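Bear in mind the structure is a predicted one, so any value in this text is a computation, not a measurement. Every chain is numbered from 1, with letters handed out A, B, ... down the list of sequences.
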Amino acid sequence: MIGKSAHPTGVLRANQVGGAEGAVPGSRPDEPASPAWALALLSWFEGHRRDLPWRRDPTPYHVLVSELMLQQTRVDTVVPYYERFLRRFPDFAHLAAASEEEVLRLWTGLGYYSRARHLWQAARQVVARYGGNLPPDRGVLLSLPGVGPYTAGAILSIAFNRPAAAVDGNTARVAGRLLALDATTARGHRELADRIEAAVPPGRARDFTQALMELGALVCLPPPQAPDCGRCPLAAWCLWCKSPQDRSSTGAAGARQPKPGPRVVPRAVLVVACGNRVLVRRRPSRGLLAGMWEFPGTDVREDGPRAAALRTALDLGIALGLGIAGGLGVGQNCGHLGSAEVDLQGPAVHYAHTFSHLRWEVDVYWAKLPPAPGILESTGMEGGAGPPTVLWLRAADLASQVPLPAAFRPVAAFARSLVEGGAPPGG
DNA sequence: TATCCGTGGCC
DNA sequence: TGGCCAAGGAT
């Protein structure tokens with residue numbers, strides 16, 4: 001993205017852009033003038049801004065929700081999630097009154113699920129401490145869970161129209177090229193934020209922040225694509241555009257260290273069906289897919305996926321209070337959980353799912369339990385207080401009942417076919 | 001400072 | 001098909 005070394009002459013020339021020659025008179029004599037490129041950028045934005053749902057009424061709540069959703073996530077992906085979320089939770093009060101479970105469910109498929117929990121907690125703080133009105137205070141914003149320097153700057157500028165820099169990936173690339181600054185270092189990042197903040201045209205912070213990001217998204221593209229300098233409103237001032245011989249230091253990708261591939265984690269997953277219902281459980285509240293639901297399963301150790309599936313079945317029998325009988329164990333396919341006979345089949349499905357740092361190789365086993373009195377009423381791995389961590393749910397509406405990560409979609413599809421079609425495929 | 005956290009689109 | 005990455009934040 002941004003190279004490691006500074007432009008050899010960039011600082012001096014960039015300073016001249018903001019100086020007397022290229023400057024525009026400020027609104028007051030004692031205010032530093034905005035550079036000419038800042039006004040050119042605003043003019044361009046007026047003719048090229050996309051109609052995005054969170055731009056129609058940029059309240060603090062709308063901006064907070066959209067910025068949390070947009071962290072490391074593409075605009076096209078976010079739009080339907082944002083609209084659904086706003087229909088269900090139109091303001092801080094509605095979101096604060098909801099359950100964490102429902103917030104997670106609306107976030108299902110969007111990824112980075114800690115963002116959903118943070119947003120929910122932030123809404124509760126805003127209601128509890130500020131009466132449902134977010135104050136335009138950087139310190140307060142930074143105290144909200146999930147809000148860092150970028151998001152705080154985005155809320156201050158977009159929602160409150162305050163002159164604050166919001167340096168994200170797009171802005172760092174655009175302004176980094178324009179001013180020949182390397183935003184990959186902490187020092188360069190700080191200098192970039194200072195320069196951007198000083199460049200905000202008076203009263204135009206809202207549009208200025210969005211214009212920088214918009215230019216990065218539509219024109220000043222990252223590698224491996226190339227910036228379309230012919231359509232860029234800042235080409236006349238841009239040091240990257242004017243110095244083709246020196247682009248390696250301000251816009252091209254630097255030499256990257258070869259990154260090791262994701263760690264492979266074999267995993268045995270179990271679909272346990274009874275009638276038209278299947279068994280799901282909640283994941284731990286920390287770590288990967290924290291608080292989301294899953295089909296029960298476990299990482300495969302040295303003794304293979306079938307043994308792992310059988311161990312999971314045993315754990316489930318204990319969790320459900322069914323008791324264990326009949327010698328269900330490693331190396332066998334069947335046994336008894338209480339009065340219910342378990343006949344473990346499979347693997348019926350094999351698939352892979354890659355996360356950022358690990359790759360699940362999933363073998364899906366299955367078992368159909370005959371209807372037995374008491375089985376479907378058994379929930380709760382804790383066996384007492386607290387929310388249930390094991391539930392029987394109708395296979396047809398799994399997704400509408402619990403937050404099920406995308407990683408388990410193939411399992412859910414298999415579970416439906418198992419319940420609806422009788423004899424399942426594979427096995 | 002480096003690593004972890006999800007997903008889908010892209011070539 | 002596989003590796004890369006995107007409107008970052010928390011630890």
Side-chain angles (χ1 to χ4, degrees), chain A residues 1 49-50 52-55 58 62-82 104 107-119 121-122 141-155 157-159 165-175 183-187 189 193 196 209-218 220-226 253-254 256-265 283-292 294 351-360 403-410:
Chain A
M1 188 171 293
R49 63 179 289 161
R50 291 171 292 178
L52 300 173
W54 45 88
R55 285 181 173 169
H62 292 166
V63 176
L64 177 64
V65 173
S66 65
E67 291 301 338
L68 266 290
M69 286 188 169
L70 285 163
Q71 286 171 8
Q72 300 290 289
T73 310
R74 299 183 190 283
V75 168
D76 291 345
T77 302
V78 166
V79 168
Y81 283 88
Y82 175 86
L104 270 182
W107 209 273
T108 297
L110 197 53
Y112 285 132
Y113 297 103
S114 66
R115 295 181 298 174
R117 196 170 5 262
H118 288 153
L119 178 57
Q121 291 167 340
L141 295 174
L142 288 174
S143 75
L144 299 175
V147 175
Y150 161 74
T151 305
I155 294 172
S157 58
I158 299 174
V167 184
D168 68 336
N170 276 325
T171 299
R173 182 176 64 257
V174 172
T184 62
T185 69
R187 196 179 64 81
H189 193 278
I196 291 171
T209 288
Q210 297 180 83
L212 274 172
M213 294 191 286
E214 198 78 336
L215 191 68
L218 300 181
C220 193
L221 304 175
Q225 303 176 80
R256 293 181 182 280
Q257 301 284 351
K259 206 173 55 177
R263 182 170 61 97
V264 176
V265 179
R283 292 179 58 84
S285 53
R286 293 183 177 278
L288 186 69
L289 304 171
M292 302 290 283
E294 67 176 356
Y351 72 96
H353 190 92
T354 302
F355 299 100
S356 54
H357 67 298
L358 63 83
R359 177 181 173 88
W360 279 359
L404 199 68
F408 288 96
R409 283 175 193 163

K.L.:
Could you pick out which residue, A/His118 or A/Arg50, lies toward the 5' side of DNA chain C when each is mapped onto its nearest nucleotide?
P.N.:
A/Arg50
K.L.:
From the set B/dG6, B/dT1, B/dT7, return the single nucleotide nearest to any side-chain atom of A/Leu288.
P.N.:
B/dG6
K.L.:
Taking OP1 and OP2 of B/dT7, is either one under 4.0 Å from a side-chain nitrogen or oxygen of A/Tyr113?
P.N.:
yes
K.L.:
Looking at C/dG9, does its base get a donor-acceptor pair with the side chain of A/Thr151 below 3.5 Å?
P.N.:
no
K.L.:
Separation of A/Gln71 atom CD from B/dG6 atom P, in whole Å?
P.N.:
13 Å
K.L.:
Where the side chain of A/Tyr150 is defined as all heavy atoms beyond and including C-beta, which of C/dG9, C/dA10, B/dG6 is the nearest nucleotide?
P.N.:
C/dG9
K.L.:
Please give the distance between the P atoms of B/dC4 and C/dC4 as a whole number of Å.
P.N.:
15 Å
K.L.:
side-chain contact (heavy atoms from CB on, under 4.5 Å) between A/Trp54 and A/Val79: does it pass, once the steps are laid out?
P.N.:
CA-CA 9 Å; A/Trp54 45 88; A/Val79 168; 3.9 Å; yes
K.L.:
Are any of A/Arg409's side-chain N or O atoms less than 4.0 Å away from OP1 or OP2 of B/dG8?
P.N.:
yes
K.L.:
Let me spell it out: for each of A/Arg74 and A/Gly146, pick the nucleotide of DNA chain C with the closest heavy atom. Which residue's pick is nearer the 5' end?
P.N.:
A/Arg74
K.L.:
Nearest to the A/Tyr112 side chain among C/dC5, B/dT7, B/dG6, which nucleotide is it?
P.N.:
B/dG6
K.L.:
Please tell me whether A/Gln71 and A/Arg115 have a donor and an acceptor in their side chains that are separated by less than 3.5 angstrom.
P.N.:
no
K.L.:
Whole Å only: how far is the CD atom of A/Gln72 from the P atom of C/dC5?
P.N.:
12 Å
